[in-house]
Amino acid sequence: MPSPNPKISQELPVIRQLDDAAINRIAAGEVVERPASAVKELVENAVDAGATRIEVSYSDGGKSLIRVVDDGCGIAGKDLPLALSRHATSKMDGTDLLDIHTFGFRGEALPSLGAVGRLTITSRPKGQDAHQIVVNGGHMEPVRPAALTAGTIVELRDLFYATPARLKFLRTDRSEASAITDVIKRIAMAEPFIGFTLRDMSGGGDGRVTFRADPEMGDLFDALHGRLARILGKEFAENALRIDAERDGFHLTGFAALPTYSRGSSVAQYLFVNGRPVRDKMLYGALRAAYMDYLSRDRHPAAALFVTCDPQKVDVNVHPAKSEVRFRDAGVVRGLIISGLRHALAEAGHRASTTVAQATLGAFTPEPVTSAEQPRVYQMDRPSLGARTAAYQGQAPIQPVTPAFDQAFEETAPVFARVEDCQVEPEDFPLGAARGQVHENYIVAQTKTGMVIVDQHAAHERLVYEKLKTQMAENGVSSQALLIPEIVDLSDGDRNLLLSVADDLSKLGLVIEPFGGGSIAVRETPAILGEVNAEAMLRDVIDELSDQGDSQLVQAKIEAILSRVACHGSIRSGRRMRGEEMNALLREMEATPHSGQCNHGRPTYVELKLSDIERLFGRT
């Protein structure tokens, strides 16, 4: 006979009311996970206080010191003890938990920090005296007068000294400092009109500034663009597209990078809801779906997107750290992100990122020449417009006009017999005028400000692919009826989830219907996919629906087939092209959206500025 469990009392357990110190330490486990969590809470309080400049100092990765100084409205001396009480806040009255317009609202951060560290708050509201309060491990000292010009200083020392077990789970000082920097950068993106300074005080002294962002000027988009250039780098700002879309009370703004400016991981993806940095898998899934047709699986887009809506339409009170949100109508938000991004990418046309050209220039390695050996360069005047025009005429092809060079390109590509027949100067075209072909695969074109090198196969592959997609959108996806419908047994939940998107699947050629119990009957499949495993496809769709709330699986499979068809039906590498054909390809690229990258996300052309080329040869 098993012995009774010694941990289970034979008497009825006694229900006790925990004291405030224990309650605050438990709450700190949810709110304050690491030093970066403490920085986040304190900086958000400063933003809510109306601060225009915020300075954050830390030491030893935030383990021994975190200090946040702001010029906000401050806290009155009589209110300091109340501010350190649980669920005490000035940001809401508690009547409506959905009407939240501030970062903080739970009233847990300050008492939680005071329970696990040594917390000191010094504050002076405008027109009042300054006061200070100290809390050590949950023990609160009386309020006393202090010296301060204005604003608030919150100093947290020896984080988790009252709960030493938590210290064992912290990472190295460098990792914790990196997490603090990431928190500050995310809040700085959301508040471009506020100045931020981050200082590392490790080692004593005045420390060193590791991040600084001064307040931006101008309208919202100009300020945001400047702040993103400061945080994400000049390259992102140069290759980012402005996003501004609205649907059903939701407004999407921000900047998203061109597909050719992609990253190897998702580290450059920043999402905000009503100004609050969030990490929501539905929003990340929508961002990934928007770029699905332009990037390969191992590449990730870079973007900073802001969703703004009535607070009643989103619930931010679903996680103690407020890093997750729940939308009342998540489908509208997802559709807005996908359509808004794709519209912006389509408007970008054939544009490719500047980093492609920079990488190309970096690949050139001219033989180094010492300053003593370098001859003096005497620049000649550049030829006049008339001289250049005469040169173009002399280089123009003289072959007669021929039919289009490829059946898949036949209906869309205009053909130019001679460059000078154009109404516009050939160098005025964005991709210039073709001057020749190298290695039967690369077209070299001259523009007004430099030259363009085009990968003929990759470029034509994208053109044919876009044409096939347009035809599919106009004529619909042909479906193939199964001689014997395939019956798939599912759980009731999966069955209902799948039937909720049956209409969307039918537009893609996948026709399903209920078949009694938890079964689904597959009547038709997309004809372009050929013979498919319907059950495996349906289960993959269900997994995607469960994880992201939407499924792009069938569409992705169809577009993958179209991409493969376009690849085989486009101009092959090694084919010699005439001048008319090369110019026709350039003009079609200029008129076709997304032609700056091929179906796999690689760039289709490289543009080199004349100034960069001259710098390579020392002609500056």
Query raised in the report: Looking at F221, does the NZ or CZ of R242 lie under 6.0 angstrom from its six-membered ring centre and within 45 degrees of the ring axis?
Result: yes
Query raised in the report: Within a strict 4.5 Å, meaning less than it, do heavy atoms of the V454 and M589 side chains meet?
Result: yes
Query raised in the report: So which of L336, I337, I338 actually passes side-chain contact (heavy atoms from CB on, under 4.5 Å) with R334?
Result: I338
Report task. With side-chain contact (heavy atoms from CB on, under 4.5 Å) as the test, would you mind laying out the steps for S519 and L490 before giving the verdict? Result -> CA-CA 6 Å; S519 300; L490 304 170; over 6 Å; no
Report task. Check the pair D315, V325 against side-chain contact (heavy atoms from CB on, under 4.5 Å), reporting the backbone distance first and the verdict last. Result -> CA-CA 6 Å; D315 185 4; V325 295; over 6 Å; no
Query raised in the report: What distance separates I243 CD1 from F255 CZ, expressed to the nearest 0.5 Å?
Result: 8.5 Å
Query raised in the report: Cation-pi between K467 and Y465: NZ/CZ under 6.0 Å from ring centre and within 45° of the ring axis?
Result: no
Query raised in the report: Does NZ or CZ of R279 come closer than 6.0 Å to the centre of the six-membered ring of Y284, within 45° of the ring's axis?
Result: no
**Report entry** Euclidean distance, R462 CZ relative to H457 NE2, rounded to 0.5 Å
**Finding:** 12.5 Å
Query raised in the report: So, do I443 and M577 sit near enough that their side-chain heavy atoms are less than 4.5 Å apart?
Result: yes
**Report entry** Minimum heavy-atom distance between A190 and F306, given as atom pair plus value
**Finding:** CA-CE2, 3.8 Å
Query raised in the report: Between N496 and D492, is there a donor-acceptor pair closer than 3.5 Å when you use the side chain of the first and the backbone of the second?
Result: yes
Query raised in the report: Taking V488 as the fixed residue, which of D494, L538, I542 is the one that meets the side-chain contact (heavy atoms from CB on, under 4.5 Å) rule?
Result: L538
Requested in this report: State, to 0.1 Å, how close G432 and A445 come at their nearest heavy-atom pair, and which atoms those are.
Outcome: C-CB, 4.4 Å
Query raised in the report: Would you say the side-chain atoms of T592 pair up with the backbone N or O of S595, donor to acceptor, closer than 3.5 Å?
Result: no
Query raised in the report: Within the side chain of N583, is there an N or O that forms a donor-acceptor pair under 3.5 Å with the backbone of A434?
Result: yes
Report task. Give a yes or no on whether the backbone of S262 and the side-chain of H300 come within a donor-acceptor separation of less than 3.5 Å. Result -> no
Report task. Using atom types as modelled and distance alone, determine if a side-chain donor or acceptor of S506 lies under 3.5 Å from a backbone N or O of D503. Result -> yes
Requested in this report: Nearest 0.5 Å please: distance from the NZ atom of K448 over to the CZ atom of F429.
Outcome: 12.5 Å
Query raised in the report: Looking at L341 and Y291, what are the two nearest heavy atoms and their distance?
Result: CD1-CE1, 4.2 Å
Query raised in the report: Taking NZ, NE, NH1 and NH2 as the nitrogens, is one of them in D489 or R539 under 4.0 Å from a carboxylate oxygen of the other?
Result: no
Query raised in the report: Charged N to carboxylate O under 4.0 angstrom, R523 versus E513?
Result: yes
Requested in this report: Apply the test side-chain contact (heavy atoms from CB on, under 4.5 Å) to residues E535 and E486: give CA-CA distance (whole Å), side-chain angles for both, the deciding distance (0.1 Å), then the verdict.
Outcome: CA-CA 8 Å; E535 181 176 358; E486 186 166 346; 3.8 Å; yes
Report task. With side-chain contact (heavy atoms from CB on, under 4.5 Å) as the test, would you mind laying out the steps for M451 and Q446 before giving the verdict? Result -> CA-CA 4 Å; M451 63 181 290; Q446 180 175 331; 5.6 Å; no
**Report entry** Close side-chain approach of P603 to Q597, heavy-atom, < 4.5 Å
**Finding:** no
Query raised in the report: Any side-chain donor-acceptor pair under 3.5 Å between S339 and R247?
Result: yes
Query raised in the report: Below 4.5 Å, heavy atoms only, C-beta onward: do L252 and L305 meet side chain to side chain?
Result: yes
Report summary line: Distance col, row E607:CD vs T447:OG1, nearest 0.5 angstrom, shows 5.5 Å
Report task. Locate the shortest heavy-atom distance separating F272 from R186; write the atom from each residue and the value. Result -> CE2-O, 3.1 Å
Requested in this report: For the residue pair V522 and T525, establish whether any side-chain heavy-atom pair is separated by less than 4.5 Å.
Outcome: yes
Report task. Working to the nearest 0.5 Å, report the span between CG of D182 and CD1 of I231. Result -> 10.0 Å
Report task. Answer with yes or no whether the side chains of E440 and Q456 bring together a donor and an acceptor at under 3.5 Å. Result -> no
Query raised in the report: So how far is it from E246 CD to T308 OG1, rounded to the nearest 0.5 Å?
Result: 9.5 Å
Query raised in the report: Are side-chain heavy atoms of M189 and L232 found at a separation under 4.5 Å?
Result: yes
Requested in this report: Consider only side-chain N and O atoms of E347 and H343, and report whether a donor and an acceptor are under 3.5 Å apart.
Outcome: yes
Query raised in the report: R227 side chain to D222 main-chain N or O, any donor-acceptor pair under 3.5 Å?
Result: no
Query raised in the report: F250 ring centre to K313 NZ or CZ under 6.0 Å, with the angle to the axis within 45°?
Result: yes
Query raised in the report: Which heavy atom in M582 sits nearest to a heavy atom in G436, and how many Å separate them?
Result: SD-O, 3.6 Å
**Report entry** Note, L271 side chain near P277 side chain (heavy atom, < 4.5 Å)
**Finding:** no
Query - Check: E590 side chain, L431 main-chain N or O, donor-acceptor pair, under 3.5 Å - result: yes
Query raised in the report: Near R299 CZ, under 6.0 Å, is it more than 12 heavy atoms from other residues, nucleotides or ligands?
Result: yes
Report summary line: Smallest heavy-atom separation, T260 atom then G596 atom, equals CG2-O, 3.8 Å
Requested in this report: Answer yes or no: is there a side-chain heavy-atom contact under 4.5 Å between E461 and T604?
Outcome: no
